[in-house]
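To keep things clear, I will list the structure first and then write my remarks on it.
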Amino acid sequence: CTLGKAALILFAFDLYDNDNSGKIDIDEIKLMLKEVYGKDVSNSQQAQMVMGKIQKFSESKADEEIGKEEFSDFVRRNPALLYPAFQLQMTLQRKTM
């Protein structure tokens with residue numbers, strides 16, 4: 001809970017980089033979104049907006065894989081991808097610090 005937003009973004013990336021290649025594919029980002037939002041993913045306007053941006057982003061990529069820096073930039077421009085995680089982090093920090 002003491003991680004800053006930048007460290008939380010990299011932590012999320014590392015969780016989904018299963019082969020430690022330094023890249024994750026678009027399907028893994030979609031899975032991340034579904035797991036972060038849980039059962040509310042299909043009912044959440046934020047989640048659906050981000051899903052559309054992920055789809056648009058993937059269409060602009062030739063190889064459909066992104067590295068840490070590109071992922072960090074995407075999340076900074078689209079914080080709703082990890083919004084529930086950011087919210088949980090802030091709640092934990094308020095209650096423990």
Quick check: are there more than 12 heavy atoms from other residues, nucleotides or ligands sitting under 6.0 Å from CD of Glu69?
-> no
Calculate, to the nearest 0.5 Å, the distance between atoms [atom1] and [atom2] belonging to [X] and [Y] respectively.
{"X": "Asp14", "Y": "Ile9", "atom1": "CG", "atom2": "CD1", "result": "12.0 Å"}
{"X": "Gln46", "Y": "Asn78", "atom1": "CD", "atom2": "CG", "result": "11.0 Å"}
{"X": "Lys39", "Y": "Ser44", "atom1": "NZ", "atom2": "OG", "result": "13.5 Å"}

Basic-acidic side-chain contact under 4.0 Å: Asp17, Lys68 | no
Just jot down the salt bridge (charged side-chain N to carboxylate O under 4.0 Å, His left out) partners of Asp27, sequence neighbours excluded, or say none.
-> none
Should Ile29 and Ile66 count as side-chain neighbours, where that means a heavy-atom distance under 4.5 Å?
-> yes
Hey, are Glu35 and Tyr16 close enough side-chain-wise for a donor-acceptor pair under 3.5 Å?
-> yes
Show the numbers, then the answer: is there a side chain to side chain contact (heavy atoms under 4.5 Å, CB included) between Glu65 and Ile26?
-> CA-CA 6 Å; Glu65 288 189 328; Ile26 300 305; over 6 Å; no
Asp25 side chain to Glu28 main-chain N or O, any donor-acceptor pair under 3.5 Å?
-> yes
Short side-chain to backbone donor-acceptor contact, Gln48 and Asn43, under 3.5 Å = no
If you take all heavy atoms of Ala12 and Met32, which pair is closest and at what distance?
-> O-CE, 3.7 Å
When you look at Lys23 and Phe71, which way does the side chain to side chain contact (heavy atoms under 4.5 Å, CB included) test go after all the steps?
-> CA-CA 9 Å; Lys23 295 189 177 225; Phe71 177 75; over 6 Å; no
Same cluster (ILVMFWY, side-chain, under 4.5 Å), Leu10 and Leu33 | no
Could you walk me through whether Phe13 and Glu70 pass the side chain to side chain contact (heavy atoms under 4.5 Å, CB included) test, one step at a time?
-> CA-CA 11 Å; Phe13 180 92; Glu70 215 172 3; over 6 Å; no
Going through the checks in order, is the side chain to side chain contact (heavy atoms under 4.5 Å, CB included) test met by Ile54 and Lys30?
-> CA-CA 7 Å; Ile54 292 168; Lys30 289 178 183 178; 3.9 Å; yes
